[in-house]
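Remarks on the structure that follows.
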Amino acid sequence: MKDRDHIDLEAIARRAMIERDLYPEFPPAVMEETRELEEVRQFGGDGIRDLRKLPWFSIDNDDTRDLDQLTFAEPQGADIRVLVAIADVDALVPQESDTDRHAGHNTVSVYTPARIFPMLPERLSTGLTSLHEGEDRLAVVVEMRVDQDGSVPEATLFRAAVHNQARLTYNAVAAWLEGHGPLPEGANKLDGQLRLQDKAAERLRLRRHERGALQFETLRSRPVMENGRVRALEEDRKNRAKELIEDVMLAANSATASFLEGKGYPSIRRLVRSPARWPRIMDIAARLGDRLPEEPRPVDLSRFLERRRAADPDGFPELSLSVLKLLGSGEYTVDLPGQPAPGHFGLAAEDYTHATAPNRRYPDLITQRLVKAALAGRPAPYEPAALEELARWCTRKEDDARRVERQVTKSAAALLLSDRIGETFDAIVTGDSEKGTWVRTCRHPVEGRLTRNHQNLDVGDRVRVELVSVNVERGFIDFSCR
């Protein structure tokens, strides 16, 4: 094998994109179109509210530059009024433009350890449409009233001008909220906002779990890059700040779906169907001395997960991973006015769309155009048949993008494991099909294929494996059972 410092991981990522029919580069027509764009500086008229004086802020990863959302909250009696500002990407990416067609092909930004392949050119995604600190921007705002019990009895959407007062990061905010770090730099006078939004998020989270929404805890490894080289695998865990944003965005997505339904407009919904492998989930529960009914219901699975978290917190991440694999992946579908809404099993919700990340997910940009048409009283910008085709395409290309991300992440892991052939690891089975049996190691999680001694195994089984080979170029990591 080549010396690990001479492996071109970016070239591997680019090749993986092409193999999955994803465009790694922007064509000249898109770049020319983007160069001619001018920053939006007119913020009045067309029902646009001027909310630039509110103490908006963003919370995201340390290195994130495509900022899609800002948040603000204020007390409303015993309730909490929460506003989510979503970047108005449609204002600079017209439907059927060259930029839109490129975004509509890839449908999502692809994040690999070596390189990010953005859905939109960086002048847009990390520039003119990103909600940067200190910049005025157009946004679509979701306004929600969160009751004491976590329900959202009132929600509305409108367009507004906003101004990001502070760019905060997950780790710094989480450390402060959890009591083991100072108030983040840049958050001066925002401590009350952070506490109030954390309180609203907790209410929303508890309400979701009462309905049966599933709560998981999984361990993930993130390759650490240094000067273009892979130096280590670092655990990437949830924290309180990530949960805050997740809870508020889930609520905003549901409010958006309800808004479109109330206006009589179609929408693209995000769903996870009732799990086909429910019997295997029942087997795992029985093996742990628990019981699940034969009819799959989110609330029953949610209660089982709660019991297992309390009984075995150290083993809960492995159980979470097994159940997630057995639930299956999400998909996009279309909800038409007057028809039963498709449900999301994992969220125990019937009204859920993707709306809060239009810089990096094409379904969110589609949703934004539908919302703006509803606000203006215009006809829906997409015919039902076109939406159906878009939903199928977005599902397909999002799956392709995730495969690219997994392949390149495994290439990075293979680099680090290349001198550990013959070592043994505790692992858990994560997949079993005609294509093969897959495992993920328990410490510093790395996924690979079992090439020998894998008969009679199924998802959720614990095994001891030996690393037998790696192929950095293809992202292959092969184990055998001991």
Do Trp393 side-chain atoms and Gly104 backbone N/O form a donor-acceptor pair below 3.5 Å? yes
For the CG atom of Leu387 and the CD1 atom of Ile366, what is their distance to the nearest 0.5 Å? 6.5 Å
Quick one: pull up OG in Ser125 and CG in Leu67 and give me the separation to the nearest 0.5 Å. 10.5 Å
Spell out, as yes or no, whether a donor-acceptor pair under 3.5 Å connects the side chain of Ser418 to the backbone of Leu415. yes
Closest approach of Pro113 and Val408, non-hydrogen atoms and distance? CD-CG1, 3.7 Å
Enter the distance from Glu33:CD to Leu37:CG here, rounded to the nearest 0.5 Å. 7.0 Å
Looking at Glu473, is its backbone amide N or carbonyl O close enough to the side chain of Arg15 to form a donor-acceptor pair, meaning the two atoms are under 3.5 Å apart? yes
Are the charged groups of Arg101 and Asp98 less than 4.0 angstrom apart, N to O? yes
Are Arg396 and Asp399 close enough for a salt bridge, meaning some N to O gap below 4.0 Å? no
For side chain to side chain contact (heavy atoms under 4.5 Å, CB included), just list the numbers for Phe316 and Leu305, CA-CA rounded to whole Å, side-chain angles, deciding distance to a tenth of an Å, and then say yes or no. CA-CA 8 Å; Phe316 187 70; Leu305 291 172; 4.1 Å; yes
Mind telling me whether His344 and Tyr352 have parallel, tilted or perpendicular rings, with 30° and 60° as the class edges? perpendicular
If you measure from the Lys or Arg side-chain nitrogens to the Asp or Glu carboxylate oxygens, is any gap between Glu398 and Arg270 under 4.0 Å? yes
Might you confirm whether atom CD of Glu178 has over 12 heavy atoms from other residues, nucleotides or ligands at distances under 6.0 Å? yes
Side chains of Leu250 and Leu347: does their closest heavy-atom pair fall under 4.5 Å? yes
Full working for side chain to side chain contact (heavy atoms under 4.5 Å, CB included) between Thr71 and Val82: CA-CA 7 Å; Thr71 52; Val82 178; 5.6 Å; no
Identify whether the distance between the nearest side-chain nitrogen and carboxylate oxygen of Glu331 and Arg273 falls below 4.0 Å. yes
Taking every non-hydrogen atom, the tightest pair across Ala174 and Ala241: N-CB, 3.7 Å
Are there over 12 heavy-atom neighbours, none belonging to Glu202, within less than 6.0 Å of that residue's CD? no
When you look at Met144 and Val84, which way does the side chain to side chain contact (heavy atoms under 4.5 Å, CB included) test go after all the steps? CA-CA 8 Å; Met144 302 171 285; Val84 178; 4.0 Å; yes
Can you check whether Leu194's main-chain N or O pairs, donor with acceptor, with Asp198's side chain at less than 3.5 Å? no
Honestly, is Arg240 close enough over Trp176, meaning NZ or CZ under 6.0 Å from the six-membered ring centre and within 45° of the axis? no
Side-chain donor or acceptor of Asp50 paired with backbone N/O of Arg52 under 3.5 Å: yes
Which pair of heavy atoms, one from Val108 and one from Ala401, lies closest together, and at what distance? CG1-CB, 3.4 Å
Given the rule in the side chain to side chain donor-acceptor pair (under 3.5 Å) test, do Arg269 and Ser267 qualify, once you have shown the distances and angles that lead to the verdict? CA-CA 6 Å; Arg269 298 294 181 96; Ser267 63; 2.9 Å; yes
Atom OH of Tyr23: over 12 foreign heavy atoms under 6.0 Å: no
With side chain to side chain donor-acceptor pair (under 3.5 Å) as the test, pick out the partner of Asn359 among Thr129, Asp66, Thr126. Thr129
What is the minimum heavy-atom distance between Gly330 and Thr395, and which atoms define it? O-CG2, 4.4 Å
Whether the side chain of Gln193 engages the backbone of Ala73 through a donor-acceptor N/O pair (distance < 3.5 Å, no angle test) should be reported. yes
Which class fits the ring pair Tyr332 and His354: parallel under 30°, tilted 30 to 60°, perpendicular over 60°? perpendicular
Could you check if a side-chain atom of Leu326 sits within less than 4.5 angstrom of a side-chain atom of Pro275, using non-hydrogen atoms only? no
Distance-only donor-acceptor check, side chains Glu405 and Thr112, under 3.5 Å: no
Exercise: do Ser258 and Asp351 side chains pair donor with acceptor under 3.5 Å: yes
Does Arg167 count as lying over the ring of Phe57, i.e. NZ or CZ under 6.0 Å from the six-ring centre, within 45 degrees of the axis? no
Can you name the nearest heavy-atom pair linking Pro363 to Ile268, along with the distance? CB-CG2, 4.5 Å
Using side-chain heavy atoms (C-beta onward) and a distance below 4.5 Å, is Leu92 in contact with Leu124? yes
May I have the step-by-step check of side chain to side chain donor-acceptor pair (under 3.5 Å) for Asp100 and Tyr362, ending in yes or no? CA-CA 9 Å; Asp100 180 57; Tyr362 196 67; 2.8 Å; yes
Close side-chain approach of Asn164 to Glu135, heavy-atom, < 4.5 Å: no
List the steps, then state whether side chain to side chain contact (heavy atoms under 4.5 Å, CB included) holds for Leu214 with Leu327. CA-CA 11 Å; Leu214 307 181; Leu327 284 178; 3.6 Å; yes
Short N-O contact, Asp147 and Arg203, less than 4.0 angstrom: no
Quick one: does any side-chain atom of Thr156 pair with a main-chain N or O of Glu143 as donor and acceptor, under 3.5 Å? no
Basic-acidic side-chain contact under 4.0 Å: Lys238, Glu217: no
Any side-chain heavy-atom pair of Leu120 and Val89 under 4.5 Å: yes
Report the C-alpha distance between Arg137 and Asp88 in whole Å, list the side-chain angles of each, state the deciding distance to 0.1 Å, and finish with yes or no for salt bridge (Lys or Arg N to Asp or Glu O under 4.0 Å). CA-CA 8 Å; Arg137 290 287 188 262; Asp88 189 347; over 6 Å; no
With salt bridge (Lys or Arg N to Asp or Glu O under 4.0 Å) as the criterion, how do Asp247 and Arg208 come out once you've worked through the C-alpha distance, each side chain's angles and the decisive distance to 0.1 Å? CA-CA 9 Å; Asp247 294 325; Arg208 282 205 326 277; 3.0 Å; yes
Salt-bridge present (Lys372, Asp90; N to O < 4.0 Å): yes
Any donor-acceptor N/O pair, Asn471 side chain to Phe476 backbone, under 3.5 Å: no
Tell me if a side-chain donor or acceptor on Ser322 pairs with a main-chain N or O of Glu318 at a distance below 3.5 Å. yes
Ignoring hydrogens and geometry, is there a side-chain-to-backbone donor-acceptor pair from Ser58 to Gln69 under 3.5 Å? no
Between the side chains of Glu447 and Lys325, is the shortest nitrogen-to-carboxylate-oxygen separation below 4.0 Å, so that they form an ion pair? yes
Arg403 CZ to Leu22 CG distance, which is reported to the nearest 0.5 Å: 11.0 Å
Approximate separation, where rounding is to 0.5 Å, of Ser302 OG and Gln215 CD: 7.5 Å
When rounded to the nearest 0.5 angstrom, what is the spacing between CZ in Arg35 and CZ in Arg123? 9.5 Å
Return yes when atom NZ of Lys242 has more than 12 non-hydrogen atoms of other residues, nucleotides or ligands closer than 6.0 Å, and no otherwise. yes
Does Glu19 come within less than 4.0 Å of Arg474, counting only side-chain N to carboxylate O? yes
Heavy atoms only: give me the nearest His102-Glu25 pair and the separation to one decimal. CE1-O, 3.4 Å
